[in-house]
There are 2 protein chains.
Amino acid sequence: MTVDPSTLPTRDRILHAALTMFGESRGATLSVRAVAARAGVSTGSLRFHFPTQRALLDEVLRVVYEVIAPEDPIHDESLTGEERLIACLRQVLAPSGVGAQAREAATLLHRAFIEPEQTDELRDAYLAMEREGQRRVEHWLSVLEKDGALPRGDNARRARFLNSVLAGLALERALPSDGSILASETNTLTMAVDAVFRDTGGAVR
Amino acid sequence: MTVDPSTLPTRDRILHAALTMFGESRGATLSVRAVAARAGVSTGSLRFHFPTQRALLDEVLRVVYEVIAPEDPIHDESLTGEERLIACLRQVLAPSGVGAQAREAATLLHRAFIEPEQTDELRDAYLAMEREGQRRVEHWLSVLEKDGALPRGDNARRARFLNSVLAGLALERALPSDGSILASETNTLTMAVDAVFRDTGGAVR
DNA sequence: ACCTGAACACCGTTCAAGT
DNA sequence: ACCTGAACACCGTTCAAGT
């Protein structure tokens, strides 16, 4: 199942190096030189296959979410509770994609629910979607609670919070950005999940 | 009321140059060399007065938001640190409005930065906006730190997190909802701010 | 078509040397 | 104490030159 990178075509060697580095540390600085050196190619070659650093990082994200982790990680006992929840949230984000795909997803959402006249049907359709997202997150939280990984608390409240964070991250994927979305997204997810694990209740009153 | 910068002590000359540049373009890159050149001093001198670039930018923001625009709940001593930060974040959200107004704001953002072809100018324009938002939140955090209300930590990281949360809340204001956005928003802000106050650093590794 | 590596134009920070 | 400017260790991108 493992690959010998040296047998791979250059483009894949570069991608493999970047993925490895990302795997070793999700916040790693995937600079041109660092990735090129790791892959054993020149910076020029890297630029040939990935015209900008953004293009490389977008591709890294796409592979991570689409190829490597497509199955539900909530039951992965090799991970801590926090890690499991983060992995699940990343799955929610995955369909929005990155780059042009993320922009398309945002456009769809906009055309469907923001632009048109706000009728009751429209509202109901959206609320149904939202409820589903809410339930999905609540489900994960309840699994973690059952495993004793997450302190008992108000999971509805926690899930609402996480969904707001996810909405923000999805929007940010569609907006322009420098090369730092990758680390920034990891950072935000980490802080949000930490908040949930430390949350001791205190619903809004 | 205007000042002749050449009569100012070096530190103030540097600050004056940085403020002028910031005033000319909120998205200006206030690099060491650019500011030093504008102030007519060496990079070494700039570093002497401002040990890091962060220190300089913090001071610029402090002056902008404190001297130029001081009517800000961040200094309301009758509130706890958490409450003050929440009040400020609500101020950020306020211009997006609610209902139809929020939808219009979301449409503007969408038309300006998501729909059109992603050129360099577009990206730069958005990144400038984003940087300003980032700096604004960082400023509030640094004030709270100085007051001893917020434990020392990585404020850049904290601000990135809060801005993601704000993006999500702004989007949710534009989307359909039942009557609970208000409470939901308060809930999310509370959890996000709690997360920041409990965050003990731990940048992404 | 693919790849190299130097070169360019930037960053922020450090520091020996001057006054 | 204050200031200089070179030097260091980075960035991302470009490009003539090779195969």
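Sequence lines set the chain letters: A, B, ... in the order given, protein chains first and strands last, and positions in each chain run from 1.
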Residue whose closest nucleotide on DNA chain D lies nearer the 5' end, A:Gly44 versus A:Arg33: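 Closest to the 5' end, via its nearest nucleotide, is A:Arg33.
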
Comparing A:Phe50 and B:Val41 on DNA chain D - which has the more 5′ nearest nucleotide: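 Per heavy-atom nearest nucleotide, the more 5' residue is B:Val41.
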
Under the 3.5 Å Watson-Crick or G-U criterion, the dot-bracket string of DNA chain C, with | for inter-strand pairs: ||.|||||...|||||.||

Protein-nucleotide distance ([X], atom [atom1]; [N], atom [atom2]), rounded to Å:
X        : N      : atom1 : atom2 : value
B:Asp12  : D:dC2  : CG    : P     : 12 Å
A:Arg11  : C:dA1  : CZ    : C1'   : 15 Å
A:Leu8   : C:dC3  : CG    : P     : 12 Å
A:Leu30  : D:dC10 : CG    : C1'   : 15 Å
B:Asp120 : D:dG12 : CG    : P     : 15 Å
B:Asp124 : D:dT13 : CG    : C1'   : 14 Å
A:Phe48  : D:dA16 : CZ    : C1'   : 15 Å
A:Gln53  : D:dC10 : CD    : P     : 16 Å

Compare side-chain N and O positions of [X] against OP1 and OP2 of [N] and report whether any pair is under 4.0 Å apart.
X       : N      : result
A:Ser31 : D:dC11 : yes
A:Thr10 : C:dC2  : no
B:Thr29 : C:dC11 : no
B:Ser42 : D:dG5  : no
B:His49 : D:dA1  : no
A:Thr43 : C:dG5  : no

B:Arg160 and B:Asn163 side chains, donor-acceptor separation under 3.5 Å: no

Side-chain H-bond candidate by donor/acceptor type, B:Glu172 with B:Ser177, under 3.5 Å: no

Candidate list B:Asp12, B:Val41, B:Ile14, test side-chain contact (heavy atoms from CB on, under 4.5 Å), partner B:His49, passing option: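 Output: one option passes, namely B:Ile14.
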
A:Asp199 side, atom CG; B:Arg198 side, atom CZ - distance, nearest 0.5 Å: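 Interatomic distance, A:Asp199 CG to B:Arg198 CZ, rounded to 0.5 Å: 7.0 Å.
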
hbond_proxy A:Arg47 side chain to D:dG12 base (donor-acceptor, 3.5 Å cutoff):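 Per atom types, no contact qualifies.
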
Residues forming a ring pair (Phe, Tyr, Trp, His ring centres under 6.0 Å) with B:Phe197, sequence neighbours excluded: none

From D:dG12, C:dG12, D:dC3, nucleotide with atom closest to A:Val32 side chain: D:dG12

Within 6.0 Å of CD in B:Glu24, more than 12 heavy atoms from elsewhere: yes

Min side-chain heavy-atom separation A:Arg103-A:Arg173 under 4.5 Å: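 No, every pair of side-chain atoms sits at 4.5 Å or beyond.
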
Salt bridge present between B:Glu132 and B:Arg135 (N-O < 4.0 angstrom):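 Not counted as a salt bridge, because no side-chain N and carboxylate O are separated by less than 4.0 Å.
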
5'-most by nearest nucleotide on DNA chain C - A:Gly40 or B:Ala34: A:Gly40

